[in-house]
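I have placed the structure first, in the form of structure tokens, so that the comments after it can refer back to it.
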Amino acid sequence: MITVAEVIVDVAAYPVDRPFDYLVPAEMTNIMECGSRVKVPFGPRNVLGFVVALKNDTDVPLEKIKPITQILDIEPVLTGEMLQLAKWLKNETICYEIDALQVMLPSALRAKYEKVITLQTDVEHLPSSLKEWFEKSERVYLKQFEKNNLLPDIKKALKEKMVSLENVVQQKGKVKEVRKVRICPERETLTEIFNNISKRAKKQKLLVEWMFNHVGEIMEPDIIYKELNTSSQVLQAVIELGAASFIQQEVYRDPFTKDVKKTDFLNLTDEQSTALYKITDAMNRKQPETFLLHGITGSGKTEVYLQAIAKCLEEGKEAIVLVPEISLTPQMTERFRSRFGELVAVMHSGLSVGEKYDEWRKVHQGKVKVVVGARSAIFAPFENVGIIILDEEHESTYKQEDSPRYHARDVAIWRSNYHSCPVILGSATPSLESFARSKKKVYTLLTLKERALKQSLPTVQVVDMRDELKQGNRSMFSQQLVESIRIRLERKEQIVLFLNRRGYSAFVLCRDCGTVLQCENCDISLTYHRSNEKCKCHYCGYEIHVPKTCPQCQSDHIRFFGTGTQKVEEEIAKLFPEARVLRMDVDTTKTKGSHEQLLQAFGDGEADILLGTQMIAKGLDYPNITLVGVLSADTSLHLPDFRAAEKTFQLLTQVSGRAGRHSKPGEVVIQTYTPEHYAIELAKSQEYEPFYEREMHMRHQAGYPPYYYLALIQISHHDVMMAAEYAGKAADWLRSKLSFNISIIGPTTAGISRLQNRYRYQCLIKYKIEPNLIPTLLQLIKLYRSDWIKKGIILTVDLDPTMI
DNA sequence: AGCACGCCGACT
DNA sequence: GTCGGCGTGCTC
């Protein structure tokens, strides 16, 4: 009987986006499992692949089928659930199956491909230029020759068959190992050794004697040295006698810097208890149910999560908690670690590749029961999930912007169906989609209307900056805000100033002609980097030195404009010279951990004012903050995005929630040029539902989600005319295939009209129910792949885009 | 995708 | 004559 494995190979391309059959060699049959990574020959090269099925026959002719070269995992890295989920993701988001599989694993498990040159003859026969390279080893990375401009020589040698070229597959990440000492498990052996040690070797005798009390134990050498005040020479000698041995042991890199104190449950309010009861009830009934936990800021959503997780752990199940990347601050993770201790793994982008790998392995090996992480943690390889939580469910970071373009919320609901467990979507300002679904009883709505400590909500004042201007105040601070800041400074209370600014990166502007330095390849302003006096494009990496004169008009009045935070900082210094200000922006939070350090410093009262952009809007919870100032609420309101009002409302509500969370009452001052806008008016009264009704009305009229679904088709080409022409073709094609109640908008130029020298056009499809949509899009993609791709067109499809 | 094979023009 | 340009086609 033969064993054949279906393998998805690590090549992201349409023609190979299907399983390939490989022979499983006899010696591998008993360890081969679905979900393992394997090394396989594919055409002329070696690639990594995932085993997605095993069978005993094949349609592939025997002369074509090749054997698997190697298994890379003893334990499969993907469960059956994940293999199913990958297929679903592939259909749901239109991506390659390999992309769907890779996104579930830490990048350490991805393959690294290297080309290696192997010597095939005696070194002496080589041309002199190559000889030195092969003196130490017969195998040398091709990279080495590339670096030293020896590619022509290698090419020649290859032709003459003096060397050969091979593609090797390596794993990126390594398991970290440390050397430990294992003490001999047999007393008799130790006694014998002890008796044989010469009387002069006192330290050795002492050490072996001590080992009697630690028979069979594994410990770090350093501990032994300290315990017995001895050295490595002594240990070495004893090991040579056989009393112990060195072993390599796997360890986890520890991303947690400090220990946390254990905390206990807090008492729940009636509202919290009711919510918790409904969730645990669903867990008991083993029902896949989605809850929308709508709780105002400070209403104690996290405590509900924590107690629901505790219940889940009691049942012997596991929990997944997602939080937006930006609020994955120590404040948040510590709350979980202090409640569940070593049972928690944390996954976010701040960790190194190795650290992420280790956190993932803790989950994979069943060492932890709770995962707290950003978007991709939704793929935590638990096999018995009892609850899934998405905190701040409205956040756009839950949608991945590149392939596979999945939404963590959809994956969460898929997994909840698989495991028959509840999902909790928590937010003070739910996305319209989710709230609408809760109204239609698709989700179960749980509401927390009061703050857990019964504090009143902060008072919110909206200041019309046009009036300020009329009164001759041209600064960024209204009189109202200046007065409020002055009072806090006197009372020694803390202030958070929030600069809601789009494109908050620094740029370079000519003050004579108004030119802003632009990228050569993209339709984007260059970002100024103070550290090396360079301007960089954040989309393609293009970089230039800051010019002395304007490239347009040669004027030397060229000046860089900061994040805005620097300018605000200067103004504060003028108005309140005594105030201690902490500025938090891309400049001050570049290095690892600086974000945490700044927050810690602020929490410890080392500054009076915290000044920053988006990143300070979340998770900030310090008792002494009593004033929040929003310097300009308008910028996010005027973005060309149908979610602009929703985002502004969410942001304002979010930042307002930072004030007066504890005993001291809070105040919020919002400065704006459009106080009459409903997003700002309703943020002032801090009521979600009136905003929801109003915004739903707008969406209904404009034909946007949640009334309609969206799909975005993007087409790009090096040549403007080609891009425009084919975008038009795509739109016409879709119009001819899809029914009349679907509206297709465009083609129009994309938000960033040129990226990496490609001109970008897009079409927006709005639809209600269209079972034909995905098949039609697949047909379009087929057309594109068979024909358009040759002409240099690139077409992408984003189902349910968040940004347009 | 990435690599081999294959068929045409410009160089030692 | 050969080197190398990129069109075509395949990968178990």
Side-chain angles (χ1 to χ4, degrees), chain A residues 1-26 28-29 32 34 36-72 83 90 94-103 107 110-118 127 141-143 145-146 149-161 163-170 172 402-404 716 718 756 758 781-782 784-797:
Chain A
M1 177 129 88
I2 57 158
T3 314
V4 173
E6 291 186 9
V7 174
I8 299 285
V9 292
D10 181 17
V11 181
Y14 173 65
V16 293
D17 186 27
R18 61 181 175 87
F20 283 82
D21 285 1
Y22 283 90
L23 217 55
V24 180
M28 288 183 201
T29 43
M32 183 62 71
C34 287
S36 286
R37 293 172 308 149
V38 289
K39 207 160 95 176
V40 290
F42 192 64
R45 58 208 164 115
N46 292 307
V47 295
L48 180 140
F50 291 90
V51 177
V52 293
L54 290 168
K55 55 192 183 182
N56 292 311
D57 54 10
T58 175
D59 298 333
V60 181
L62 276 161
E63 66 274 12
K64 264 187 135 181
I65 199 162
K66 292 179 186 171
I68 288 172
T69 315
Q70 193 193 337
I71 307 186
L72 295 168
L83 296 179
K90 174 182 177 176
I94 313 186
C95 69
Y96 301 122
E97 193 162 342
I98 187 68
D99 282 343
L101 291 167
Q102 303 260 40
V103 79
S107 61
R110 297 224 181 122
K112 208 168 76 180
Y113 297 98
E114 292 272 15
K115 288 172 183 167
V116 173
I117 300 291
T118 312
Y141 286 122
L142 182 67
K143 260 199 261 169
F145 300 106
E146 227 171 329
N149 293 323
L150 289 167
L151 278 186
D153 303 53
I154 283 295
K155 243 181 173 173
K156 222 189 209 164
L158 269 171
K159 229 175 216 162
E160 290 164 24
K161 301 251 156 78
V163 295
S164 67
L165 184 139
E166 189 193 356
N167 278 297
V168 296
V169 187
Q170 284 165 354
K172 267 189 184 165
D402 43 53
S403 174
S716 71
H718 287 300
Q756 303 208 23
R758 304 187 67 92
I781 290 170
K782 219 170 183 177
Y784 147 72
R785 280 166 179 159
S786 65
D787 199 18
W788 300 6
I789 201 164
K790 291 184 204 125
K791 301 191 167 81
I793 302 279
I794 290 179
L795 180 147
T796 59
V797 175

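Throughout, a chain's letter reflects where its sequence line sits, starting with A, and its residues are numbered from 1. Remember, it's a predicted structure, so these values are computed and weren't measured experimentally.
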Rounding to an integer number of Å, can you tell me how far [X] [atom1] sits from [N] [atom2]?
| X | N | atom1 | atom2 | answer |
| --- | --- | --- | --- | --- |
| A:Tyr96 | B:dA1 | OH | P | 6 Å |
| A:Leu165 | B:dA4 | CG | C1' | 13 Å |
| A:Asp17 | C:dC12 | CG | P | 16 Å |
| A:Ile65 | C:dT11 | CD1 | P | 13 Å |
| A:Lys64 | C:dT11 | NZ | P | 4 Å |
| A:Asn46 | B:dG2 | CG | P | 15 Å |
| A:Lys39 | C:dT11 | NZ | P | 22 Å |
| A:Asp21 | C:dT11 | CG | P | 13 Å |

Just compare [options] and give me whichever is closest to any side-chain atom of [X].
| X | options | result |
| --- | --- | --- |
| A:Arg18 | C:dC12, B:dA1, B:dC3 | C:dC12 |
| A:Pro44 | B:dA1, B:dC3, C:dC12 | B:dC3 |
| A:Arg45 | C:dC12, C:dT11, B:dG2 | B:dG2 |

Using a cut-off of 4.0 Å on non-hydrogen atoms, how would the nucleic acid contact of A:Phe42 be classed: base, sugar-phosphate, or nothing?
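It contacts base atoms.
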Classify A:Pro41 by what it touches in the nucleic acid, base, sugar-phosphate, or nothing, heavy-atom distance under 4.0 Å.
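Sugar-phosphate contact only.
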Contact under 4.0 Å: A:Lys115 side-chain N or O vs B:dC3 OP1/OP2:
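Answer is yes, contact under 4.0 Å.
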Quick one: which of A:Val60, A:Ile65, A:Thr58 gives a side-chain contact (heavy atoms from CB on, under 4.5 Å) with A:Leu62?
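The single option meeting the side-chain contact (heavy atoms from CB on, under 4.5 Å) with A:Leu62 is A:Ile65.
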Are A:Val11 and A:Arg45 packed together at the side-chain level, in the sense that at least one heavy-atom pair is separated by less than 4.5 angstrom?
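In short, these two side chains touch, coming nearer than 4.5 Å.
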So, do A:Asp57 and A:Val4 sit near enough that their side-chain heavy atoms are less than 4.5 Å apart?
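With C-beta onward as the side chain, the pair stays apart.
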Does a donor on one side chain and an acceptor on the other come within less than 3.5 Å for A:Tyr113 and A:Asp10?
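A pair is found: one side chain offers a donor N or O, the other an acceptor, under 3.5 Å apart.
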